[in-house]
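Below is one structure, written out as structure tokens, with a few remarks after it.
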2 protein chains.
Amino acid sequence: MQASIDTRQRIVNAAKTRFHSRSYGDVGVKEICDSAEVQKGSFYHFFPSKRDLAIAVIEEFADDWATGFIAEAFDPKLPPMERFDYLIDAAYFWQKAARDIQGHLPGCLFGNLALEISTQDDILRAKLNAVFIMAKKRIMETLDEAVAEGSVEPLDSENSAEAMLAYLEGLILLAKTQNNPDVIHRLGKAIKSIRIETNSL
Amino acid sequence: MQASIDTRQRIVNAAKTRFHSRSYGDVGVKEICDSAEVQKGSFYHFFPSKRDLAIAVIEEFADDWATGFIAEAFDPKLPPMERFDYLIDAAYFWQKAARDIQGHLPGCLFGNLALEISTQDDILRAKLNAVFIMAKKRIMETLDEAVAEGSVEPLDSENSAEAMLAYLEGLILLAKTQNNPDVIHRLGKAIKSIRIETNSL
DNA sequence: ATCATAGTTGACCGGTCAGTCTAATGCAAG
DNA sequence: CTTGCATTAGACTGACCGGTCAACTATGAT
């Protein structure tokens with residue numbers, strides 16, 4: 001059926017933007033249905049529960065993220081370390097655009113959800129963690145390339161990558177708390193100074 | 001009156017632990033009242049709304065934090081840069097202890113609340129931001145001391161302090177997502193490598 | 001044409017939400 | 001003893017929550 005795929009997608013789309021700009025707990029199923037112009041019954045035809053919708057949202061958003069935001073920033077044509085400048089830039093412009101439209105800086109959907117629900121739902125937590133692992137891998141590969149290329153001294157690329165990811169999430173957290181995207185630009189450059197040395201066993 | 005002060009305090013205490021280990025949205029007024037052994041009427045005698053309770057919780061927790069956690073870590077008797085090791089250590093042990101008791105790593109109350117409600121309530125957001133500004137100041141002072149002492153090359157201490165705070169919050173976010181306090185230890189040492197240079201105008 | 005099935009509708013469920021209200025307390029000052 | 005006020009008790013409100021259900025429609029295969 002045609003309409004059905006569309007219906008499911010409309011639900012996920014409506015949920016995506018709402019979960020991102022508000023929170024999981026604050027957005028009700030009814031509100032999502034209304035905005036997607038779908039009835040409650042149809043919602044529960046596609047999703048056994050609100051939680052399952054959250055899983056779908058995380059998966060789709062992770063995909064959008066990997067093929068959009070991340071893929072653009074980690075352009076293999078760019079010198080490895082320059083990609084981090086693009087990453088910070090992309091984060092800045094994304095947050096700024098959202099803030100200019102909605103009036104509030106939404107932050108990172110994954111970070112938001114992680115802090116909201118990871119003490120309450122281990123499966124959702126694991127899904128979110130998987131997204132972060134994926135991002136970490138991309139950073140790590142970039143770091144490895146930079147080392148191979150000679151533009152960075154050898155380091156513990158896995159831990160350094162994770163530390164850089166933590167920093168990025170932290171920046172976005174502060175930017176959201178200040179409702180000001182400039183934080184990302186102002187502090188972003190320091191991401192390249194984060195290093196964890198290889199453990200000399 | 002004696003009991004009244006105690007009642008108010010019991011409400012705040014019950015809310016503090018619950019907001020921290022779950023979320024603002026997920027914890028209801030009834031649950032807080034039950035656990036504080038207080039009636040709804042008493043609750044609304046002391047707090048006009050749940051939101052006002054949140055304000056009280058943030059204020060009290062900020063106080064606990066400043067006089068406990070932060071004051072211990074930023075011990076003026078320690079060499080300035082060593083204080084950051086203590087900070088990371090304190091964060092690690094706190095999160096680990098909470099995880100061992102509750103089964104879930106609670107993260108930072110301020111970070112949690114910031115991501116959950118700062119798009120929905122500007123006053124709460126400002127309160128949270130004030131807590132971060134206070135923490136930033138403590139870090140900045142420490143950095144300034146280190147520079148004065150000669151153990152650190154001159155830098156933009158205000159922005160560097162903010163960047164270090166972002167990193168700490170990011171670490172705790174990842175630790176929560178993995179439900180594993182080790183992240184804090186594993187990546188914590190890099191906090192001292194974060195630097196933002198003075199803008200040479 | 002007919003039948004199974006996917007999708008849709010909207011009324012409906014019990015429970016819980018934040019918040020209200022009135023009446024009963026306990027206590028302190030006059 | 002009494003008056004007055006802060007506090008507490010707990011029943012209650014209406015709205016909303018996530019979720020269910022039985023009836024209905026559209027479609028594609030036989």
Side-chain angles (χ1 to χ4, degrees), chain A residues 1-58 60 113 116-125 127, chain B residues 1-58 113 116-124 127:
Chain A
M1 227 183 222
Q2 245 13 24
S4 74
I5 294 165
D6 192 60
T7 300
R8 201 195 119 99
Q9 198 54 55
R10 283 210 312 278
I11 294 170
V12 174
N13 288 346
K16 232 191 283 189
T17 59
R18 276 166 176 75
F19 287 164
H20 191 193
S21 66
R22 307 234 294 285
S23 72
Y24 175 73
D26 193 57
V27 178
V29 173
K30 184 181 184 309
E31 181 185 341
I32 292 166
C33 289
D34 288 350
S35 100
E37 293 180 291
V38 157
Q39 299 295 352
K40 264 270 186 80
S42 295
F43 179 98
Y44 282 97
H45 175 71
F46 291 102
F47 302 100
S49 72
K50 184 186 174 186
R51 201 191 79 125
D52 291 275
L53 170 64
I55 291 172
V57 166
I58 292 169
E60 275 216 13
L113 287 176
E116 183 181 357
I117 54 182
S118 64
T119 54
Q120 298 170 59
D121 190 316
D122 271 331
I123 287 158
L124 247 18
R125 184 180 60 71
K127 283 264 169 205
Chain B
M1 230 185 222
Q2 245 12 24
S4 73
I5 294 165
D6 193 59
T7 300
R8 201 196 119 101
Q9 197 55 53
R10 283 209 314 278
I11 295 171
V12 173
N13 289 344
K16 234 192 281 189
T17 60
R18 275 164 176 76
F19 286 163
H20 191 194
S21 66
R22 306 234 297 286
S23 72
Y24 175 73
D26 194 56
V27 178
V29 172
K30 184 182 184 310
E31 182 186 340
I32 292 166
C33 289
D34 287 350
S35 100
E37 292 179 290
V38 155
Q39 297 297 354
K40 268 268 183 79
S42 297
F43 180 98
Y44 283 98
H45 173 71
F46 291 104
F47 301 100
S49 73
K50 185 185 174 187
R51 201 191 81 126
D52 291 277
L53 170 64
I55 291 173
V57 166
I58 293 168
L113 287 176
E116 183 181 357
I117 55 181
S118 64
T119 54
Q120 298 170 57
D121 189 316
D122 270 331
I123 287 158
L124 248 18
K127 282 262 169 207

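Numbers restart at 1 for each chain; the letters A, B, ... are given by sequence-line order, proteins then strands.
Straight-line distance from the CD atom of E37(A) to the C1' atom of dT9(C): 15 Å, rounded to whole Å. Across the protein-nucleic acid pair, D26(A) atom CG and dT16(C) atom P stand 20 Å apart, rounded to whole Å. Rounded to a whole Å, the NE2 atom of H45(B) is 15 Å from the C1' atom of dC21(C). Summarising the geometry, the separation between CD1 on I11(A) and P on dG7(C) is reported as 11 Å, rounded to the nearest angstrom. Between D6(A) atom CG and dA26(D) atom P the separation is 17 Å, expressed in whole Å. What separates CG of D52(B) from C1' of dG19(C) is a distance of 12 Å, to the nearest Å. Taking atom NZ of K50(B) as the reference point, atom P of dC17(C) lies 9 Å away to the nearest angstrom. Rounded to whole angstrom, the span from the CZ atom of F47(B) across to the P atom of dT7(D) amounts to 12 Å.
Checked by atom type, the side-chain pair T119(B)/R22(A) shows no donor-acceptor distance below 3.5 Å.
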Taking only N/O atoms, report every protein-nucleotides 11-16 of chain D pair under 3.5 Å with atom names and distance.
none

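Annotation: side chain of V12(A) is in contact with side chain of Q9(A) (closest heavy-atom distance under 4.5 Å). Side chains of D34(B) and E31(B) form no contact here, defined as non-hydrogen atoms less than 4.5 Å apart. Looking at heavy atoms from C-beta onward, Y44(B) lies out of side-chain contact with Q39(B) at the 4.5 angstrom threshold.
For T7(B), a side-chain nitrogen or oxygen approaches OP1 or OP2 of dT8(D) to under 4.0 Å. Remark: Q39(B) is in phosphate contact with dG10(D), judged by side-chain N or O atoms under 4.0 Å from OP1 or OP2.
Rounding to the nearest 0.5 Å places NZ of K50(B) at 5.0 Å from OH of Y24(B).
In this structure, S21(B) contributes its side chain and T17(B) its backbone to a donor-acceptor pair below 3.5 Å. Between the side chain of K127(B) and the backbone N or O of D122(B), no donor-acceptor pair lies under 3.5 Å.
Considering only side-chain atoms of F46(A), the nucleotide from dA18(C), dG18(D), dT8(C) that sits closest is dT8(C). Here the side chain of V29(B) is nearest to one of dG18(D), dA18(C), dG7(C), namely dA18(C). Taking the side chain of Y44(A) as heavy atoms from C-beta on, and the options dT9(C), dG18(D), dA18(C), the nearest nucleotide is dG18(D).
Summary of the strand contacts: G28(A) and S42(A) both lie near DNA chain D, and taking for each the nucleotide with the nearest heavy atom, the more 5' one is attributed to G28(A).
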